Amino acid sequence: MERVDIAIIGTGPAGISAAINAKIRNKTFTLFGSDKLSAKVGCSELIENYPGIEGVTGPELNGYFRKQLDGLEIPITQEQITGIYNMGKYFMIMADRTEYEATTVIIATGVEAVKAIPGERELLGRGVSYCATCDGRLYKGKKIAVVCDNANMEEEVDYLCGLAGTVYYFPLFKTDFTKDNIERPESHIAGIEGTEHVEGITLKDGGKLELDGVFFLKQSVSADVLLRGLKMEDGHIVVDRNMATSVKGCFAAGDCTGRPYQITKAVGEGNTAAHSAIAYLAEQNKEKKGEQ
């Protein structure tokens, strides 16, 4: 497995900015995210505070980002990140069922659109999953619930429907998506029940459903779920002026570092994070030479 210099997680403005700077500085890197770039930017009706571009729409700005990525020949690895593991000298990144290695990591995943519900974190890996590809086959013929906050991820819902016996679907947006084995409860999930493993869910209207697993298909997952040991504050990653996190070699940029949730802020932080990662790589190379 070839180890890259930087793993950049997220294709919003912060991740794109970091990737552009890594490319210009001739570093090896992998950019993880959606080929459709930022859904949040794409939903913006009018952006009036982006320097140099007057009155641009969200889809237009995403188009400019795409054009620059294509011009620099920067590919996007479209795999869901399910875990980042600090191995000391490098990081192991789990994406679906594939392992990647990088000396540094830049987290630019944005903020959770949907906050964790009771039981979600407690039962993660014991019936709660964020990855359909990774864990879907464990629930062949079984009853599951699926919470989805992004229409772009309904292909994952379709995949789960092809495996599970019954799928209780909770889309957080308007959709006509349906399958023969889909049921759409009128109330939303209030909590997940179970001790050693998921046993069922409670609904906001007081109802209960017995099932075997719950899948959360989110645009972004809380960073401290992906990487243990990250210092968080009010749901955001704590960083210093260099965008360094509490984990050595890991940097963060964009909405995941806190307010204001602004595109211009995200672009600047992505730039800073990339340069800080590059400086970190230089320090690591010096240490290696000193050991020889």
Side-chain angles (χ1 to χ4, degrees), residues 9-10 32-33 40 79-86 91-97 105 107-139 142-150 153 156-157 160 164 167-173 185 187-204 206-239 245-247 250 252 254-259 261:
I9 303 171
F32 295 96
K40 183 177 179 180
E79 295 187 51
Q80 180 80 16
I81 302 300
T82 56
I84 306 170
Y85 302 93
N86 184 2
F91 294 88
M92 180 179 293
I93 298 99
M94 293 298 298
D96 292 339
R97 292 184 178 275
V105 171
I107 299 175
T109 52
V111 290
E112 280 189 284
V114 183
K115 298 301 180 183
I117 63 174
E120 179 179 337
R121 290 199 174 195
E122 293 83 351
L123 291 168
L124 181 62
R126 292 181 291 154
V128 171
S129 175
Y130 295 125
C131 180
T133 305
C134 305
D135 300 321
R137 292 190 177 277
L138 298 174
Y139 299 91
K142 297 184 178 181
K143 291 183 180 181
I144 63 172
V146 179
V147 180
C148 183
D149 72 355
N150 184 354
M153 300 188 76
E156 300 291 296
V157 182
L160 289 170
V167 176
Y168 297 101
Y169 187 32
F170 299 87
L172 303 181
F173 51 91
S187 183
H188 284 287
I189 296 180
I192 303 172
E193 295 187 331
T195 51
E196 296 300 316
H197 196 275
V198 168
E199 297 172 4
I201 57 175
T202 56
L203 304 177
K204 289 184 178 180
K208 294 186 178 182
L209 293 172
E210 293 185 359
L211 42 76
D212 304 291
V214 183
F215 285 81
F216 290 91
L217 305 180
K218 300 182 179 184
Q219 294 182 63
S220 60
V221 177
S222 183
D224 61 331
V225 172
L226 295 178
L227 176 58
R228 303 295 181 184
L230 272 183
K231 184 178 180 181
M232 305 286 288
E233 189 174 289
D234 296 327
H236 301 110
I237 305 172
V238 175
V239 293
T245 72
S246 58
V247 177
C250 177
D255 288 358
C256 63
T257 68
R259 297 181 184 275
Y261 300 147

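All of these numbers come straight from a predicted model, not from anything done at the bench.
Taking each heavy atom of A95 and T82 in turn, the nearest pair found is N-OG1, 4.4 Å. Closest heavy-atom contact between Y168 and P185: CD2-CG, 4.1 Å. Here the closest non-hydrogen pair linking L227 and N86 is CD1-N, 4.2 Å.
Two residues are said to be in side-chain contact when any heavy atoms from C-beta on lie closer than 4.5 Å; L209 and T202 fail this criterion. Looking only at side-chain heavy atoms (C-beta outward), V198 and D212 stay at 4.5 Å or farther from each other.
A side-chain donor-acceptor contact under 3.5 Å links S187 to the backbone of K204. Although no hydrogens or angles enter the test, the distance criterion places a donor-acceptor pair under 3.5 Å between the side chain of R126 and the main chain of E122. Although no hydrogens or angles enter the test, the distance criterion places a donor-acceptor pair under 3.5 Å between the side chain of S246 and the main chain of G229.
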Report task. I would like to know whether F216 and I117 meet side-chain contact (heavy atoms from CB on, under 4.5 Å); could you show each step before the answer? Result -> CA-CA 11 Å; F216 290 91; I117 63 174; 3.9 Å; yes
Query raised in the report: How far apart are the C-alpha atoms of E156 and T133, what are their side-chain angles, what is the distance that settles it, and do they pass the side-chain contact (heavy atoms from CB on, under 4.5 Å) test?
Result: CA-CA 8 Å; E156 300 291 296; T133 305; 3.7 Å; yes
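By the neighbour-count criterion of 12 heavy atoms within 6.0 Å, atom NE2 of H197 is densely surrounded, having more than that number from other residues, nucleotides or ligands.
The aromatic rings of F215 and Y139 stand perpendicular to each other, their planes meeting at an angle above 60°, with 30° marking the opposite boundary.
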